[in-house]
Amino acid sequence: MDVYFTCMQNEYILAIVMEHIHKNFLPDKDFIKLHTCIYSYYKEYKQAPSYSILKQMVANDKGVVNLLEDIFESASIISNEQLLEQLESYIKQVKFQKIYKEVGELYNKQGHEKASTKLLEYCEWAQSFSLKSPEFVDVIDTFSLRFKQNRQKHNDNTRRSPITRFYIDELDEMNGGRELRTQLTCFMAPTGVGKSHIARWIGKNACQVDGLNVLHFQLEGSKEEAVNAYSAALVSCDSFRYETGTIRDVDIAKFEEQLQSIAGKLYVKSYPKFNCNVSTVDIKNSIADFRKHYGINPDVIIIDSLDLLTDSSGRQWGENGERHKRIAVANDLKDLASDENVWMVVTYQSTIENREWLNDEKNVLTEYNSSEAKGIARPLTHLVTLNQSDRERKEHTMRLFVAKSRFFEKGEPFRIATDYQHECFYDRQRSMNINKVN
């Protein structure tokens, strides 16, 4: 059902299914009838029939009508790579079952030699058959198929909303509306300054303000902490009152009504803390599982925090290899952002031994404050540091500094105000007043 639902939305997959899936590959007469109708329409119009047209074509067959309704109600779109892999495996399996039966009959009727030849032919075909892009591309024979693939890729990218905002005015002004998809942004700070707060601030606003789909991986702290904080942030209420269930029922009803208008989706996934080693491969697989389960692509992926990940090599890094491991993790995440066409946002903890250095408000963290940070800066698109003295902590303010940016000038540090009680990392009004005074 997922295959045929994907065909209705994806012209490239439709062309492959119409070419390689034959009626005798299908499990029952309802699927055969549905496939025949789609094939006849595709042969004439070179596109998939709409749901209403397809329903008219099968209106006389109740079994096919029920199948069609099940497909559009419960099936989900699968990514090209995953679907082609499954189709290839399915076709080989069906052909093997067929050839296994034929070989047995040949052996009984004509002997070992004929049966062996038939089986050898299947083995040679199975080794050469693949639905994946070949290493050597036949430009002429694949002309139409590649055109459909390019068109589908363009349409998919066009349908996905642009991502251009950090949701912090000064950073947005620096960025100047540049597309953030495929980019890797890291927020670095010492313990207790607000790395998790800025991560959730971006996730909340991407979902609520711009209607984007956000997938948040919580590696630090508990899932309940992240989910409760997001819930309070979405309605700007006191996070402690939400956690303790002391908000009035009449206010909860208003909040629920507000949430109905949010166009984006916001999902949180955490991992068991005990004896758990989460790698970038786990992140990649979780994204694929998310897409398969919900049928949507994430636009923004947030990881809190990068320090707790290991890379995809499977290598056991010792204490001396910690710096190299974090560089490898950052490289993996940069590649993943590009492959998934998402904005990847991560947090990172800096290590500062001299607390008094931080209390001097002329100082800001850069990529040179620790050996690990210096290493991971290379694959990053942006490295933004959060700087806070003891005085600023009491005032609920801090200084942000763009330590690295690939596409815009770093500029000077700038001050912002926070309101963590209401899960607000960037208090716009107070931040504007601070800058006016300065």
(request) For the pair Arg430 (side chain) and Thr418 (backbone), establish whether a donor and an acceptor sit closer than 3.5 Å, ignoring hydrogens and angles. (result) yes
Run the side chain to side chain contact (heavy atoms under 4.5 Å, CB included) test against [X] and tell me which residues pass, sequence neighbours left out.
X      : result
Glu409 : none
Thr191 : Gln349
Ser236 : none

(request) Just jot down the ring-ring contact (aromatic ring centres under 6.0 Å, His included) partners of Phe408, sequence neighbours excluded, or say none. (result) His382
(request) For Asn277 and Thr310, test the side chains for any donor-to-acceptor distance below 3.5 angstrom and give the result as yes or no. (result) no
(request) For Thr280 and Asp311, test the side chains for any donor-to-acceptor distance below 3.5 angstrom and give the result as yes or no. (result) no
Please name all residues satisfying salt bridge (Lys or Arg N to Asp or Glu O under 4.0 Å) with [X], sequence neighbours left out, ordered by chain then number.
X      : answer
Lys92  : Glu88
Arg428 : Asp169
Lys325 : Glu322
Asp299 : Arg160, Arg181

Strictly by salt bridge (charged side-chain N to carboxylate O under 4.0 Å, His left out), give each pair with a member in [range] just once, sequence neighbours left out.
range            : result
residues 206-216 : Arg165-Asp210
residues 250-262 : Arg248-Asp251
residues 228-245 : none
residues 385-394 : Arg355-Asp390, Glu361-Arg391, Asp390-Arg393, Arg391-Glu395, Glu392-Arg399, Glu392-Arg415

(message) More than 12 heavy atoms of other residues, nucleotides or ligands under 6.0 Å from CG of Asp360: yes or no?
(response) yes
(message) Are Tyr167 and Tyr426 an aromatic pair, judged by ring center distance below 6.0 Å?
(response) no
